[in-house]
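Here the structure is a predicted model, which is why all the values come from computation and not from measurement.
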Protein chains: 2
Amino acid sequence: MTVITKSLVSNCADCPIRHRAVCARCEADELAQLEEIKYYRSFEAGQTIVWSNDRMDFVASVVSGVATLTQTMEDGRTQMVGLLLPSDFVGRPGRKGAAYDIVATTDLIMCCFRKKPFEKMMMETPHISHRLLEMTLDELDAAREWMLVLGRKTAREKIASLLNIVARRQPAFSPHGAVVFDLPLTREAMADYLGLTLETVSRQMSALRKAGVISLQGNRHVTVPDMARLMEAAGDDSDGGHLI
Amino acid sequence: MTVITKSLVSNCADCPIRHRAVCARCEADELAQLEEIKYYRSFEAGQTIVWSNDRMDFVASVVSGVATLTQTMEDGRTQMVGLLLPSDFVGRPGRKGAAYDIVATTDLIMCCFRKKPFEKMMMETPHISHRLLEMTLDELDAAREWMLVLGRKTAREKIASLLNIVARRQPAFSPHGAVVFDLPLTREAMADYLGLTLETVSRQMSALRKAGVISLQGNRHVTVPDMARLMEAAGDDSDGGHLI
DNA sequence: CGGGCCGATTGATCTGGATCAATGAGGCGA
DNA sequence: TCGCCTCATTGATCCAGATCAATCGGCCCG
């Protein structure tokens with residue numbers, strides 16, 4: 001299943017979340033260097049952070065909130081190609097521009113690093129670039145996992161797969177038993193991620209509710225009484241055990 | 001559109017193809033080091049190179065022929081998540097196992113590097129790991145591009161998108177005018193790449209033929225008289241101009 | 001030369017999800 | 001409090017692509 005992307009730096013000083021460690025070595029030095037080129041930005045729900053093909057002069061990691069990466073065809077069809085949850089990294093060191101629209105779907109805080117100095121630091125600090133390679137490989141795995149969802153799963157399975165991903169990223173997640181969380185996406189955004197229409201998303205959410213796989217309080221608040229049943233509905237064999 | 005993945009080393013001594021350059025610096029030294037850990041393997045069409053979850057103790061680049069990366073669900077549904085053409089790289093430095101089945105779809109020659117020493121060399125030679133990051137970002141872009149194809153394009157557009165990708169990778173490709181090539185995939189493999197059934201692939205190939213967008217000599221040999229028309233059929237706005 | 005096999009094509013029918021349309025249910029500003 | 005706006009649900013109908021099935025054509029092997 002989708003891999004939880006570890007964040008770039010460990011315990012990023014004044015970030016409100018505890019980033020996971022890059023590795024044990026040299027932390028102090030790197031953190032000091034990263035501190036210098038670091039700044040925070042916050043965005044409101046719905047705000048576009050970067051437009052596709054615009055120049056993007058920073059890389060960043062999500063501190064709180066949720067953002068999406070989206071591709072759009074000229075005729076308006078859109079496909080979401082990435083979901084950025086807290087601790088996820090975004091940005092393409094070595095590339096000038098953004099490849100996709102990046103949109104905040106909830107209020108969002110990002111911890112940004114100016115690109116030029118970040119790249120310089122990357123050149124000088126091998127293990128940062130190894131860490132970045134690691135993270136990019138994780139993203140590639142997640143993208144390919146999603147290709148299976150888009151290409152071969154039914155509407156029902158698609159919905160369950162998405163709920164799975166979001167549920168697993170909750171701070172207090174345990175692989176068996178109940179999970180409760182807020183969906184960070186509208187029905188339309190879910191549809192764009194899953195290659196469906198919003199009507200189909202709505203119908204399948206209702207179907208899962210009627211089947212007792214989930215229960216809903218309002219539009220966004222979800223309770224999953226039994227993760228095993230949800231995974232079954234997702235057509236998912238893996239137990240998520242190889243998540244990092 | 002899909003990015004042409006540059007190969008890892010430049011002009012790899014006795015490979016029959018000329019790999020593109022990593023960068024101008026230090027070539028001689030690196031080539032010498034790479035020479036030592038390099039070996040060739042050949043496979044027959046249909047042969048599985050690595051099974052998903054098996055350990056994979058090499059990384060490699062395709063010298064000639066075509067291979068695919070495929071994911072399979074327990075109930076047998078399969079989705080191809082990558083197409084490896086000559087000069088493409090495969091392997092995940094820093095990971096033990098393969099994430100997907102790797103299958104040769106034509107006779108295939110790969111230039112392999114034993115993983116352990118390759119990783120060691122990567123640690124010691126920053127610009128190799130930068131190059132690898134670059135290549136992984138290209139693959140990520142390609143995977144995300146394909147997510148749009150899988151999630152939002154019609155059967156007709158999917159077929160045209162695939163033909164586009166293969167056509168662009170022909171040695172003698174020119175963006176306007178005619179292109180002639182052999183499809184490296186069966187109808188079934190095309191279906192697995194596109195999230196369709198083989199019958200739909202066949203019908204849409206016939207439809208494109210009847211519409212004059214392509215012509216077929218036998219099952220595999222394709223002529224595209226006008227790339228612009230093919231791209232139009234693919235619902236593709238880009239002119240492929242940002243390919244490397 | 002003939003049979004069997006594999007991949008591809010084509011036809012007939014079915015169906016999951018799209019499309020078109022109406023209704024409901026918060027939230028918010030006047 | 002009302003009206004509006006955005007998001008979600010639900011219903012009715014349609015259709016692209018799946019499914020089931022028959023046939024074809026090239027190729028290899030006896």
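With a 4.5 Å cut-off on side-chain heavy atoms, Thr70(A) and Tyr100(A) do not count as touching. In this structure the side chain of Glu139(B) never reaches within 4.5 angstrom of the side chain of Leu137(A), judged on heavy atoms. Side-chain atoms of Arg169(A) and Phe181(A), non-hydrogen and from C-beta on, never get closer than 4.5 Å to each other. With contacts defined as side-chain heavy-atom distances shorter than 4.5 Å, the pair Met231(B)/Arg168(B) qualifies.
On the nucleic acid side, DNA chain D contacts chain A at distances under 4.0 Å to non-hydrogen atoms, with the end points of that region at dA8(D) to dA12(D).
Close to dG17(C), at under 4.0 Å from its OP1 or OP2, lies no side-chain N or O of Thr200(A).
Between the side chain of Thr106(A) and the backbone N or O of Gly65(A) there is no donor-acceptor pair closer than 3.5 Å. Counting only distance, with no hydrogens or angles, the side chain of Arg152(B) and the backbone of Leu196(A) share a donor-acceptor pair below 3.5 Å.
Judged by closest nucleotide on DNA chain D, Leu185(A) is the one of Thr154(B) and Leu185(A) placed further toward the 5' end.
In this structure, Leu198(A) atom CG and dG17(C) atom P are separated by 15 Å, rounded to whole Å. Rounded to an integer number of Å, the gap from CE of Met205(A) to P of dG17(C) is 16 Å. At whole-Å resolution of the value, CD in Glu188(B) and P in dC6(C) are 12 Å apart. Between Lys153(A) atom NZ and dG16(C) atom C1' there is a gap of 17 Å when expressed in whole angstrom units. Separating the CG atom of Leu216(A) from the P atom of dG26(C) is a distance of 13 Å, rounded to the nearest angstrom. Look at CG on Asn219(A): it is 16 Å from P on dG24(C), rounded to the nearest Å. One interatomic measurement links the two molecules: CD of Glu199(B) to P of dC14(C), which rounds to 16 Å at whole-angstrom precision.
Residue Arg156(B) is classed as having no contact, given no heavy-atom separation below 4.0 Å to the nucleic acid. Residue Ser202(B) is in base contact, counting any heavy-atom pair closer than 4.0 Å across all strands shown. Among the protein residues, Thr197(A) comes within range of the nucleic acid bases, having at least one heavy atom under 4.0 Å from a base atom. Note on Gly46(B): nothing from the nucleic acid sits closer than 4.0 angstrom, heavy atoms only.
If you check dT9(C), dA21(C), dG7(C) against the side chain of Ser206(B), the one that comes closest is dT9(C). For Arg187(B), the side-chain atoms get nearest to dA8(C) when compared with the rest of dG17(C), dT19(C), dA8(C).
One distance of note links CG of Leu198(B) with OG1 of Thr186(B); it measures 8.0 Å at 0.5 Å rounding. Met227(B) contributes atom CE, which lies 4.0 Å from atom CZ of Phe173(B) (distance to the nearest 0.5 angstrom).
Fit an axis to the five pairs at each end of the helix from dC1(C)-dG30(D) to dA30(C)-dT1(D) and the two axes sit 30° apart, to the nearest 10 degrees.
No more than 12 heavy atoms of other residues, nucleotides or ligands shown are found within 6.0 angstrom of CD on Glu188(A).
Ring planes of Phe58(A) and Tyr39(A): perpendicular class, angle over 60° (limits at 30 and 60°).
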